Amino acid sequence: MGDVRIAAGARILHGAVLSAEDGVVTIGEDSVVMEHALVRGRAGHPAHVGAAVMVGPGAHVNGSTVGDEAFIATNASLFPGSRIGAGAEVRINGVVQVNTVLAPGAVVPIGWVAVGDPAHILPPDRHDEIWAVQRELDFTGTVYGAGAGATMRQIMRQQSAFYGAHAGDTELAPTTD
């Protein structure tokens, strides 16, 4: 839905969602977005998947730029403002945090977290080190457009209004020609 552009040879498999209601989504030539993956463009952070990229089942590409020939494995999560270099790999359940830059050819191992610019790649059990970098990346502002002091109630009221924008839409009757 929205401003989605899919290049020649790209394939979007069953159950995948390309959501450009809030920002542009582009899928490069010969890329494959597998079952139940989500590619979401964000205001200020379009989602761009380069050429010859594999986006695995259940992957979450949210406002991220993915370079050519990258591999985004099953259930990987890429957050807004992240940039994945050409030929990089984010393996199963890997996470690339907001505003993180992953170098070309870099690998985020299974279940690990990339955070920062340039990316620090850390195992999930090193939460304190991850948080020390992540807290400076403005997650709340990047993802929700909210200030650092925003409460969950304020953030969710804004999100509810955004996602309810079509609540008053009227279904059109089918036309017969």
Side-chain angles (χ1 to χ4, degrees), residues 16-27 33-34 36-50 53-163:
V17 174
L18 307 181
S19 176
E21 196 165 1
D22 192 31
V24 175
V25 169
T26 57
I27 307 295
V33 178
M34 297 195 73
H36 305 289
L38 169 66
V39 180
R40 179 188 310 273
R42 304 293 300 239
H45 298 287
H48 173 74
V49 173
V53 171
M54 170 62 72
V55 177
H60 180 232
V61 178
N62 185 359
S64 181
T65 298
V66 180
D68 295 345
E69 301 176 20
F71 177 75
I72 310 303
T74 300
N75 293 325
S77 297
L78 313 181
F79 285 92
S82 63
R83 296 188 308 275
I84 311 305
E89 296 182 23
V90 182
R91 296 191 175 155
I92 297 169
N93 294 320
V95 174
V96 181
Q97 273 296 346
V98 297
N99 304 317
T100 292
V101 178
L102 191 60
V107 173
V108 177
I110 293 171
W112 284 39
V113 178
V115 60
D117 178 6
H120 302 270
I121 300 172
L122 300 164
D125 64 343
R126 292 176 51 191
H127 178 267
D128 291 343
E129 291 174 68
I130 293 167
W131 180 242
V133 178
Q134 183 180 340
R135 81 172 134 239
E136 304 302 320
L137 297 178
D138 189 24
F139 185 91
T140 306
T142 301
V143 175
Y144 301 114
T151 67
M152 262 321 264
R153 181 156 311 275
Q154 292 166 328
I155 292 168
M156 295 317 298
R157 185 173 294 125
Q158 173 189 337
Q159 290 294 292
S160 177
F162 175 77
Y163 289 114

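Keep in mind that this is a model prediction, so the values were computed, not measured.
Note that CZ of R126 is 11.5 Å distant from CD1 of I121, once rounded to the nearest 0.5 Å. To the nearest 0.5 angstrom, L122 atom CG is 11.5 Å from Q97 atom CD.
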Under 3.5 Å donor-acceptor pairs involving side-chain atoms of residues 69-84, not counting sequence neighbours:
from	atom 1	to	atom 2	distance (Å)
S82	OG	S64	OG	2.8
S82	OG	F79	O	2.7

Output a table of donor-acceptor pairs, distance under 3.5 Å, between side-chain atoms of residues 106-120 and any protein atom two or more places apart or on a different chain; print 'none' if there are none.
none

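Two residues are said to be in side-chain contact when any heavy atoms from C-beta on lie closer than 4.5 Å; V143 and R42 meet this criterion. Using a 4.5 Å cut-off on side-chain heavy atoms (C-beta onward), R40 and D22 make no contact. Contact of the H36 side chain with the P57 side chain is not registered, since no non-hydrogen atoms from C-beta on lie closer than 4.5 Å.
Nearest heavy atoms, V55 versus A37: CG1-CB, 4.0 Å. In terms of heavy atoms, A146 sits closest to I155 at CB-CG1, 4.0 Å. The shortest heavy-atom contact between N99 and L137 is ND2-O, 2.8 Å. Contact detail for V53 and G67: the closest heavy-atom pair is CG2-O, 3.3 Å.
Looking at T26 and H48, their side chains do bring a donor and an acceptor atom within 3.5 Å of each other.
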